[in-house]
Amino acid sequence: MIKKEITIEDVLKNLKVARTSHRETLIRNAYAVAKEAHHGQKRKSGEEYIQHALYTALNIAKMGMRSKTISAGLLHDVPEDTSVTLEEVEEKFGSEIAFMVNGVTKLGKIRLRGTKEELYLENLRKMFFAMASDIRVVIIKLADRMHNMETLSALPPDKQKRISLETMEVFAPIANRLGIGEIKGKLEDLAFKYLDCENFELVTNLQKEEYKQSKQYLDKAVLELKQQLLKEGIKVEKIFGRTKHPYRLFQKMKKHDMNIDKIYDLIGIRIIVPDVSSCYETLGIVHNKYRPLVGRIKDYISLPKPNGYQSIHTTIFGPEGKILEVQIRTGQMDDEAEFGIAAHWVYSEKEKKSFKNFFFRKKEQTIPEKELAWVKQLREWQNEIGKDNSEFMEGLKIEFFKNHIFAFTPMGEVIELPEDATPIDFAYKVHSEIGNRATGAKADGKMVTLDYKIRNGQVIDIMTSRDPKRPSRDWLRFVRTSLAKSNIERAFRKESNK
Ligand code: MN
């Protein structure tokens, strides 16, 4: 399947932040460089390569990110796949954009080692959060993956399977963690198709059939509810029928012995209203019109889900007793469910501009109590952006992995180490013989001493002697891992036993 060709205008049209001339110029410049660099390259699907860069940028824009992240998205495959180097990207666009491009390139270098699939996926997951010393790198990677999944049919079956597995096991959970529900759902559905074609078809066919059968009830309920709500003075912003994501539906069906009749939220209605009090008023009106199913009312507005999701869900007996799920939320909640943290940023920018919102903020905003602490943090850091960019950059670093670093072998394998670990620790983590025979080390291609402190994301190359060699007792002074210590001590015990 080839996607429709898009242009840079499509990206600019989808900016969620104000389209200033400054932002537009930056994005157009990045596009010009990417287009020139990828000139003549084609994707496996036959499309011009630049289409991949444009779709990645479009997805990033839709997630509410700003011009620098969008520009990095346009350039994300340039250093790896073209003659234009990272240094040139940095010269033209500065260190911040180059840093993001480099982060995306590094994430792409992780390779599957042997058959240890689970270990690989675990490594990929860890790397994501380590490289996500800048969260924007993760967002670019998700946007990139989205387009790769949408054009996956062009690749051979073994690659389709591997990429889909990664998507299901790593990318979708990360999207979920960031609260980007729409992207999570799309990634899962795309991967589902390649991983379990039989059940994908089963579920989508069931869904089509069910939707056809229920459409008239659904349309009737939408119409009746809309009339009733307007009559009662509720400003309905949007009301529409919806179906569940196929993969989510499949998960639910598995829990119910694949019996579709037990799934109550197969199809439903979403109602978008202007504010929180209208949400509760709407709930009352809906229940007055259609009898609710006992025990199926979920108030995620007062008790948000851990990833920040807010909405009211209820299940009703609609026209002719047909069971329907109704979701009620504000426009902001709807955007946040779709775009996650990115939407938080957009809203915080809008709020700063609007005087009226400033005064109504407490009442209108209802920041979920249980909102993930770091999402809150991100938003606070975001407020710093105008003041001091370096402080903002510092702030964006995720603290989770404070005490861990992740380094690469030249083959792209991930080695997890404690902070301040040295090339010797690294060498023993790879293999005890590599540790024992280590003679020197390179970090990102430059020679370093054996007591060098490895930094997150570095590629470490250990030089070894060809002949059997014993480790140096000196190393015990600086190694950080017990693995290295015990290996060095063992080598000496062996020696003295001889
Ligand atoms: Mn790419």
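Note that ligands are numbered from 1 as they come in the structure, with each ligand's atoms numbered from 1 the same way. Only a predicted model underlies this, so the values are computations on that prediction, with no experimental measurement involved.
Of the possible polar contacts, none joining the R43 side chain to the E48 backbone as a donor-acceptor pair under 3.5 Å is found.
Here the N, O or S atom of H52 that is nearest to the Mn ion (ligand 1) is NE2. Summary: OD1 is the N/O/S atom of D144 found nearest to the Mn ion (ligand 1). Minimum-distance N/O/S atom of D77 relative to the Mn ion (ligand 1): OD2.
You'll find the side chain of L26 reaches within 4.5 Å of the side chain of I97, heavy atoms only. For the pair Q207 and K244, the minimum side-chain heavy-atom distance is below 4.5 Å.
One distance of note links CD of E182 with CG of D335; it measures 11.0 Å at 0.5 Å rounding.
Among the atoms of H76, an N, O or S atom falls under 2.8 Å of the Mn ion (ligand 1).
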